[in-house]
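One structure is given below, encoded as structure tokens.
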Amino acid sequence: MARREINFDGIVGPSHNYAGLSPGNLASSNNAGAVSHPRAAALQGIAKMRANIALGLAQGIFLPQPRPDHDWLARLSTDVANAEPHICAAAMSASSMWAANAATVSPAPDTADGRCHLSVANLVTMPHRSHEWPHTLRQLQLAFADAGSFAVHGLVPAPYGDEGAANHMRLCPAHGEAGVEVFVYGCAGGGFPARQHIEASKAIARAHGLKPERTLFVEQTEEAIAAGAFHNDVVAVANENVLFAHEQAFADRDGFFADLRALMPQVEIVEVPASMVPLGDAISSYLFNAQLVTLPDGGGMVLIVPGECMTTPSVATYCEELTASNGPIRRVIPVDVRESMANGGGPACLRLRVVADPATIDPRFMVDDVKLSGIAQVIEQYWPETIHPDDLADPQLIASIEQARLHLLEHLDLSADL
Ligand code: SUG
């Protein structure tokens, strides 16, 4: 059984736009009303995946969801032509691109029945994301249909907010070995809502059959939420035995680190002090919304960061020192995902990590370089070049968005299933 980490990236959907729908997510609020570039956005995502494949990493995809979401509008007893602008924008959002919010994943070595467990996230806190889960669940059920290897769970009931893997970290000696799972939850911060509730995290840990003594529930600081860290993955990321986190990420930092060290003595905590990178710079650059990955064949760990890190002086200096030190993170690689970044989604938001044997996954959800070239051609041909949020109800735009998605499904032989 060749288990390895696979990154499933959400392909940026053709309706990608800046409607300012996520209070507490500063990029989303600051860019409200701007013109988006769906084609460029999706191609940036493809380029990131291709670069990761070139590094020797395994890559999967999730497909854009149908937008507008007619079913959701119907449940609100309206339709695109009649919905108020904020409802129309919510029905049109391409937010399912941020696959880190699709589900929480517990790999097989951590669970009671030895299967990899996935729980779809309810995303109830933000209206535009609250209707993602039915289609996400459908894709999870297709991709991970092998019941001997996977268990796919439904959602935790409202009002308990669950935003998936963005608030979940796993520390382990190596991906295929048993780990410690860390669920980070919030209370509130600076008038912004906490999007991950402890009740939801605990329900998922129970559903996945995790060992209570190897599961930690850790509170995020209010100051991080207030400063714009609406998910833990904006201030921390973990990979194998390494935790990379900002000094102000966790409410009881000392207690958490002590618990972690007791459970996993080989853990290496790389903590970034506020004196080197102020919280505001960490959040605007998305330093921690990075993909911390282990290269194959003993290549060590690299940190794949948004290009914005290189233009934020404190962060650029920190990254230089990080790689010059003898620490576990050997290289920092910038990638351009600026269209997603302008809505508060960095490289790590765009992917869901699953540790599994790729042979157990529906091959239509796995990609290589050649397959990504084909997907890029569909995007180049059919994705809109620009969208202004005032035009979201335009019937012609809507027709082109719906057609674009259908072309991609057909290209990937998924039309009959999604
Ligand atoms: O949920 N942005 C997303 C960004 C999600 C980032 N994910 C992680 N950190 N894992 C959100 O806030 C903005 C959409 C808009 O404003 O139109 C948005 O939904």
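Just so you know, ligand 1 is whichever comes first in the structure, and atom 1 is the first atom listed for that ligand.
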Q) Is it the side chain (CB and beyond), the backbone, both or neither of A100 that lies under 4.0 Å from ligand 1, heavy atoms counted? A)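 A100 to ligand 1: side-chain contact only, backbone stays beyond 4.0 Å.
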Q) Which one holds for N25 and ligand 1: side chain close, backbone close, both close, or neither close, with close meaning a heavy atom under 4.0 Å? A)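 Contact part for N25 vs ligand 1: side chain (C-beta onward).
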Q) Which of the atoms in ligand 1, numbered in the order shown and given with their element, are less than 4.0 Å from a heavy-atom of A166? A)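 Close to A166: 10 (N).
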Q) Does NZ or CZ of K202 come closer than 6.0 Å to the centre of the six-membered ring of F217, within 45° of the ring's axis? A)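 Yes, K202 and F217 form such a contact.
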Does the residue [X] have a heavy-atom contact with ligand 1, meaning some pair of atoms that are separated by less than 4.0 Å?
{"X": "N17", "value": "yes"}
{"X": "R195", "value": "yes"}
{"X": "R129", "value": "yes"}

Between [Y] and [X], is there a side-chain donor-acceptor contact under 3.5 Å, judged purely by atom types and distance?
{"X": "S314", "Y": "D281", "result": "yes"}
{"X": "R50", "Y": "S373", "result": "yes"}
{"X": "H208", "Y": "S106", "result": "yes"}

Q | Test applied, side-chain contact (heavy atoms from CB on, under 4.5 Å); reference residue, F150; option that passes from L140, V105, L118 | A |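 For F150, the side-chain contact (heavy atoms from CB on, under 4.5 Å) check succeeds only for L118.
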Q. Any side-chain heavy atom of C172 within less than 4.5 Å of one from R170?
A.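 In contact.
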Q) Once the angle between the rings of H131 and W72 is folded into 0 to 90°, is it parallel (under 30°), tilted (30 to 60°) or perpendicular (over 60°)? A)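 Parallel.
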(Q) Show the nearest heavy-atom pair for residues V12 and W383, with the distance to one decimal. (A)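 So the minimum-distance heavy-atom pair works out to O-NE1, 2.8 Å.
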Polar contacts were defined as any N/O atom of the residue lying under 3.5 Å from an N/O atom of the ligand; does this apply to [X] and ligand 1?
{"X": "W98", "answer": "no"}
{"X": "G20", "answer": "yes"}
{"X": "Y286", "answer": "no"}
{"X": "S28", "answer": "yes"}

Protein contact to [atom] [nearest heavy atom, distance to 0.1 Å]:
{"atom": "atom 10 (N) of ligand 1", "result": "D233 OD2, 2.7 Å"}
{"atom": "atom 8 (C) of ligand 1", "result": "C349 SG, 2.7 Å"}
{"atom": "atom 19 (O) of ligand 1", "result": "H128 NE2, 2.6 Å"}
{"atom": "atom 13 (C) of ligand 1", "result": "N343 OD1, 3.4 Å"}
{"atom": "atom 17 (O) of ligand 1", "result": "A19 N, 3.3 Å"}

Q.
Please determine whether a side-chain nitrogen of the Lys or Arg among R364 and D417 lies less than 4.0 Å from a carboxylate oxygen of the Asp or Glu.
A.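 Salt bridge flag = yes for D417 with R364.
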Q | Pairing of R214 and D110 as salt bridge, 4.0 angstrom limit | A |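 Salt bridge flag = no for D110 with R214.
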